[in-house]
J.: 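Sharing a structure here in structure tokens format.
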Amino acid sequence: MTVEFAIIDSNTLSCMGLKLMLGRIAPMVELTSFGSFEEFAMSPNDKFVHYFVASGIFFEHAQYFIARPHRSIVLVNGYAYPHISGLLTLNVAQDEKDIVKSLLQLHQSGMGNPRMKKDVSAVSPQVEQPAPPLLSGRETEVAVLLAKGMINKEIADRLNISITTVISHRKNIMTKLSARSLADVIVYVVGNGIARVEEL
């Protein structure tokens, strides 16, 4: 089953970044971006399970999105509006790690859509499945601590190993996961049920 999401934002770089992050978290989701509401309105928009809509476009066409509360997720710049008219929001004025964590929380909750909550596995990574044996036990421990934002010295102290060993494990983790950033490590740890987003 193909699941489709729409991103409605006139900022091309924002669209590209969100598509990249969503694609890493839920590679089975088909993502389509629209530069304006008018462009989106001309498409068969009922096929989209969710709309990620820029706050400016949301405010110009609020009635449309408010009438579709289980589909609409408003992209906001900051924490001033945790909920807009009962809709879910995504704060895009965060660093990559926090945006990925927010996206994972949205996925795990079914993004407010009762249909999605019944079958979150159709979109989300399998949280209940054990991690594939990509990482050794110690590498998995280090990956979780990295995902929690610990620096090399803190990890070394916590696990009673040298900083050189932590750096070696960190390098191996990034290589084995083909990770480009810490966000990829977070996706791996949460997506494979090693840690819950709330713990990070």
Side-chain angles (χ1 to χ4, degrees), residues 1-3 5 7 13-31 33 50 52 73 75 77-79 88-111 116-117 119-200:
M1 173 180 117
T2 302
V3 178
F5 289 178
I7 301 170
L13 289 176
S14 293
C15 286
M16 290 171 60
L18 188 55
K19 280 179 93 167
L20 178 68
M21 288 183 192
L22 282 167
R24 288 195 318 225
I25 293 168
M28 67 293 294
V29 172
E30 187 175 317
L31 299 160
S33 58
H50 289 295
F52 287 87
I73 300 165
L75 305 175
N77 286 313
Y79 294 98
L88 292 174
T89 61
L90 175 64
N91 177 15
V92 293
Q94 306 178 76
D95 62 26
E96 182 184 21
K97 174 185 169 187
D98 290 331
I99 291 175
V100 167
K101 284 169 57 175
S102 296
L103 286 168
L104 286 167
Q105 286 174 328
L106 286 172
H107 273 293
Q108 287 178 353
S109 70
M111 295 190 182
M116 296 285 288
K117 286 180 184 175
D119 187 17
V120 177
S121 62
V123 178
S124 309
Q126 294 291 325
V127 177
E128 301 301 324
Q129 303 250 337
L134 288 177
L135 303 180
S136 70
R138 182 60 89 178
E139 288 168 345
T140 300
E141 289 178 297
V142 171
V144 170
L145 296 176
L146 285 171
K148 289 183 176 183
M150 290 189 173
I151 60 173
N152 292 343
K153 181 171 181 356
E154 292 172 321
I155 295 170
D157 291 345
R158 171 77 65 91
L159 299 178
N160 293 317
I161 56 178
S162 71
I163 292 178
T164 305
T165 303
V166 173
I167 292 169
S168 177
H169 285 314
R170 189 175 185 147
K171 180 181 171 191
N172 291 340
I173 290 164
M174 300 303 277
T175 300
K176 287 181 178 182
L177 298 182
S178 299
R180 293 166 291 189
S181 69
L182 184 57
D184 291 325
V185 176
I186 294 168
V187 169
Y188 174 81
V189 168
V190 172
N192 288 286
I194 299 167
R196 293 173 36 203
V197 178
E198 300 79 30
E199 299 169 350
L200 303 181

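Small disclaimer: the values here were computed from a predicted structure and weren't measured.
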J.: Which heavy-atom pair separates Ala179 from Val185 by the least distance, and what is that distance?
T.: CB-CG2, 4.3 Å
J.: Kindly write out the residues that satisfy side-chain hydrogen bond (donor to acceptor under 3.5 Å, both in side chains) with Arg24, not counting sequence neighbours, or none if the list is empty.
T.: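 For Arg24, the residues satisfying side-chain hydrogen bond (donor to acceptor under 3.5 Å, both in side chains) (neighbours in sequence not counted) are Glu96, Asp184.
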J.: I need the minimum non-hydrogen distance between Thr89 and Ile73, along with the two atoms involved.
T.: C-CG2, 4.2 Å
J.: What closest approach, in Å, do Ile161 and Thr165 show between heavy atoms, and which atom pair accounts for it?
T.: CD1-CG2, 4.1 Å
J.: Once rounded to the nearest 0.5 Å, what's the spacing between atom CG of Leu20 and atom CD1 of Ile25?
T.: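 That separation rounds to 9.5 Å.
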J.: Using 0.5 Å steps for rounding, measure from the OG atom of Ser33 to the CE atom of Met16.
T.: 9.5 Å
J.: Around atom CZ of Arg158, are there more than 12 heavy atoms from other residues, nucleotides or ligands closer than 6.0 Å?
T.: no
J.: Report the C-alpha separation of Leu145 and His169 in whole Å, then their side-chain angles, then the decisive distance to 0.1 Å, and conclude whether the side-chain contact (heavy atoms from CB on, under 4.5 Å) test is met.
T.: CA-CA 12 Å; Leu145 296 176; His169 285 314; over 6 Å; no
J.: Rounded at 0.5 Å granularity, tell me how far NZ in Lys101 sits from CZ in Arg196.
T.: 13.0 Å
J.: Run the side-chain contact (heavy atoms from CB on, under 4.5 Å) test on Ile186 and Leu104 for me, step by step, so that the C-alpha distance in whole Å, both residues' side-chain angles and the decisive distance to 0.1 Å come before the verdict.
T.: CA-CA 9 Å; Ile186 294 168; Leu104 286 167; 4.0 Å; yes
J.: May I have the list of side-chain donor-acceptor pairs in residues 170-177 shorter than 3.5 Å, sequence neighbours left out?
T.:
| residue | atom | partner | partner atom | Å |
| --- | --- | --- | --- | --- |
| Arg170 | NH1 | Asn152 | OD1 | 2.9 |
| Asn172 | ND2 | Ser168 | O | 3.4 |
| Thr175 | OG1 | Lys171 | O | 3.0 |
| Lys176 | NZ | Glu139 | OE1 | 2.8 |
| Lys176 | NZ | Glu139 | OE2 | 3.3 |

J.: Kindly determine whether Ile194 and Leu135 satisfy side-chain contact (heavy atoms from CB on, under 4.5 Å), including the steps that lead there.
T.: CA-CA 11 Å; Ile194 299 167; Leu135 303 180; 5.9 Å; no
J.: Would you compute the distance between atom OG of Ser178 and atom CG of Leu134 and round it to the nearest 0.5 angstrom?
T.: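 Here the rounded value is 9.0 Å.
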J.: Considering non-hydrogen atoms only, spot the tightest contact between Ile7 and Cys15 and give its length.
T.: CG2-SG, 3.8 Å
J.: What are the two closest heavy atoms between Gln94 and Asn91, and how far apart are they?
T.: NE2-O, 2.6 Å
J.: Do the ring planes of Phe52 and Phe5 sit parallel (below 30°), tilted (30 to 60°) or perpendicular (above 60°)?
T.: tilted
J.: Counting C-beta onward and ignoring hydrogens, is there a side-chain heavy-atom pair between Met21 and Val100 closer than 4.5 Å?
T.: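 Yes, close enough: below the 4.5 Å cut-off.
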J.: Quick check: closest heavy atoms across Ala195 and Val144, and the distance to 0.1 Å?
T.: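 Shortest heavy-atom separation between Ala195 and Val144 comes out as CB-CG1, 4.5 Å.
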J.: Any chance you could lay out the side-chain contact (heavy atoms from CB on, under 4.5 Å) test for Val3 and Met28, step after step, and finish with the verdict?
T.: CA-CA 7 Å; Val3 178; Met28 67 293 294; 5.9 Å; no
